[in-house]
Protein chains: 2
Amino acid sequence: MNARTPTLSLAQPALYEQVAEQLRSKIFAHELKPGAWLDEQALAADYGISRTPLREALKVLAAEGLVVLKPRRGCYVTELSEQDLDDVFPVMAILEGMVAQEATRRVTSTNWRNLCAIHNELEQTAAANNVDGFFDANQRFHTALKDIAGNRYLAQLIDDARKLLKLTRRDSLRLSGRITQSLAEHREILAAIEVRDENLAGQRMHDHLLSGRAALARLASTNR
Amino acid sequence: MNARTPTLSLAQPALYEQVAEQLRSKIFAHELKPGAWLDEQALAADYGISRTPLREALKVLAAEGLVVLKPRRGCYVTELSEQDLDDVFPVMAILEGMVAQEATRRVTSTNWRNLCAIHNELEQTAAANNVDGFFDANQRFHTALKDIAGNRYLAQLIDDARKLLKLTRRDSLRLSGRITQSLAEHREILAAIEVRDENLAGQRMHDHLLSGRAALARLASTNR
DNA sequence: ATTCATAATTATGGATGCAGTATTATATGG
DNA sequence: CCATATAATACTGCATCCATAATTATGAAT
């Protein structure tokens with residue numbers, strides 16, 4: 001192995017991957033709404049590329065569940081039903097619970113300080129009623145736990161599930177009182193980690209996720 | 001909607017899907033071994049098709065984790081490390097545990113009779129030391145539970161994980177004594193379902209999967 | 001003989017072109 | 001005026017072709 005052949009290729013990702021990422025952003029931003037048809041040649045022309053890499057990108061997105069490919073009929077952005085949410089959320093709750101459990105087992109003093117730092121941001125953004133800041137810190141808290149848990153497969157599944165859930169633009173944190181409740185739940189989770197009670201931490205994280213689902217359901221019923 | 005436009009298209013799957021399925025079989029049969037390079041034009045020539053649908057199939061397999069795509073360097077069958085197995089198995093144990101729990105909650109008398117019928121096959125094939133028969137009935141038992149649980153997302157994750165595990169040809173059931181132990185565990189799971197103790201059923205299924213992992217690990221150490 | 005540089009070969013990534021099927025528009029009959 | 005049949009259009013799916021990067025083979029120099 002010499003300097004000329006970088007095995008850890010920092011090479012730019014393939015074109016189809018770049019396109020897939022662009023499309024993901026468009027889907028998450030609801031620039032491409034659920035149910036919308038993806039016009040291959042229009043998109044290809046848009047990006048100034050041919051249909052070949054674009055179609056490969058669509059295959060990837062289909063595997064992630066973000067779009068559905070109807071043979072001979074084209075590609076459409078996935079529409080999540082309430083039933084789908086009811087299927088995905090409990091699974092995600094279990095998986096996030098497992099992360100919390102595993103992380104509690106493996107947490108070091110360095111990790112712990114980092115978690116506390118992020119939690120402080122949660123406290124402060126919540127006090128300032130800064131929803132976006134809370135959302136961001138919340139995301140980083142869960143990411144930090146995944147890193148501590150150290151199970152790449154588990155982390156992958158959770159990331160995939162989160163991508164799916166992003167298809168619904170609804171955000172439970174915008175529900176009145178939800179931030180306060182979410183913060184309280186986080187405090188309890190952190191407390192369980194502090195005393196190294198892995199089962200309790202797992203259980204509380206699990207319930208935390210389901211509590212988020214319930215909030216989302218309330219949001220759905222008020223929004224109609 | 002008229003007879004001319006079958007919305008439930010029974011149309012044959014796209015070529016890239018057929019190819020993906022063919023390749024999956026080859027990978028599972030270890031005709032294509034972990035680490036092996038997939039020669040695009042050779043395979044395309046083999047199937048008598050062009051490289052385009054073949055490459056689309058490879059994207060799908062990559063998303064499933066069965067192959068890895070190295071930019072500008074080609075496509076290789078995924079090699080699972082022991083670490084990967086240690087990551088995947090606990091997750092699968094959790095998921096299968098959730099299936100058992102959910103199925104216990106929803107099982108009907110009809111379901112129950114079906115489960116018992118399959119379990120009887122387990123008993124008989126085990127008594128006859130029919131490993132392949134036991135393997136098959138075992139598969140159908142788990143599938144039946146997934147159907148009863150009725151969570152499509154959960155079922156999908158488990159199927160994906162099982163595909164990954166098929167990359168290792170090792171089969172814990174071939175380990176001496178494993179069938180007897182597996183059968184005993186199944187009996188306990190069934191008993192928990194019978195008394196509708198969902199938590200116990202989930203716990204026992206979880207442990208059953210981990211017991212399978214342990215057997216696999218023993219197999220790995222004896223095989224070297 | 002071994003190592004490095006250079007040339008030839010080969011494979012991947014992407015673009016273009018074409019056939020077949022879905023969809024839409026048009027026309028004809030009731 | 002509406003429904004059905006037919007024609008026109010448009011898009012998907014696949015094949016072929018080309019450019020570029022990677023690998024291998026060849027040759028020269030130490």
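Every chain is numbered from 1, with letters handed out A, B, ... down the list of sequences.
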Evaluation steps, side chain to side chain contact (heavy atoms under 4.5 Å, CB included), between L154(A) and I94(B): CA-CA 11 Å; L154(A) 179 55; I94(B) 291 263; over 6 Å; no
Is it the case that [N] (base atoms only) and [X] (side chain only) share a donor and an acceptor within less than 3.5 Å, ignoring hydrogens and angles?
X: R51(A); N: dG14(C); answer: no
X: R55(B); N: dG14(C); answer: yes
X: R72(B); N: dT12(C); answer: yes

With respect to the side chain of L15(A), which nucleotide from dG14(C), dA11(C), dT23(D) is positioned closest? dG14(C)
For the side chain of T52(A), starting at C-beta, report the closest nucleotide among dT12(D), dA15(C), dC14(D). dA15(C)
If only side-chain N and O atoms of [X] are considered, is one of them under 4.0 Å from the OP1 or OP2 phosphate oxygen of [N]?
X: R73(B); N: dA11(C); answer: no
X: S50(B); N: dA15(D); answer: yes
X: W37(B); N: dT23(D); answer: no

Could you state the [atom1]-[atom2] distance from [X] to [N], rounded to the nearest angstrom?
X: E40(A); N: dA22(C); atom1: CD; atom2: P; result: 16 Å
X: I49(A); N: dG14(C); atom1: CD1; atom2: C1'; result: 9 Å
X: Q18(A); N: dG13(C); atom1: CD; atom2: C1'; result: 12 Å
X: L58(B); N: dA11(C); atom1: CG; atom2: P; result: 15 Å
X: Y47(A); N: dG14(C); atom1: OH; atom2: C1'; result: 17 Å
X: Q41(A); N: dC11(D); atom1: CD; atom2: P; result: 5 Å
X: D39(A); N: dC11(D); atom1: CG; atom2: C1'; result: 8 Å
X: L54(A); N: dT16(C); atom1: CG; atom2: P; result: 14 Å

Give me the ring orientation class for H208(A) and H142(A): parallel if the planes are under 30° apart, tilted from 30 to 60°, perpendicular past 60°. parallel
Using the side chain to side chain donor-acceptor pair (under 3.5 Å) rule, take S172(B) and R213(B) through it: C-alpha gap first, then chi angles, then the decisive distance, then the call. CA-CA 8 Å; S172(B) 66; R213(B) 168 65 182 121; over 6 Å; no
Determine the sole option in N111(B), T104(B), I193(B) for which the side chain to side chain contact (heavy atoms under 4.5 Å, CB included) test with I148(B) is passed. N111(B)
Min side-chain heavy-atom separation L38(A)-Y76(A) under 4.5 Å: no
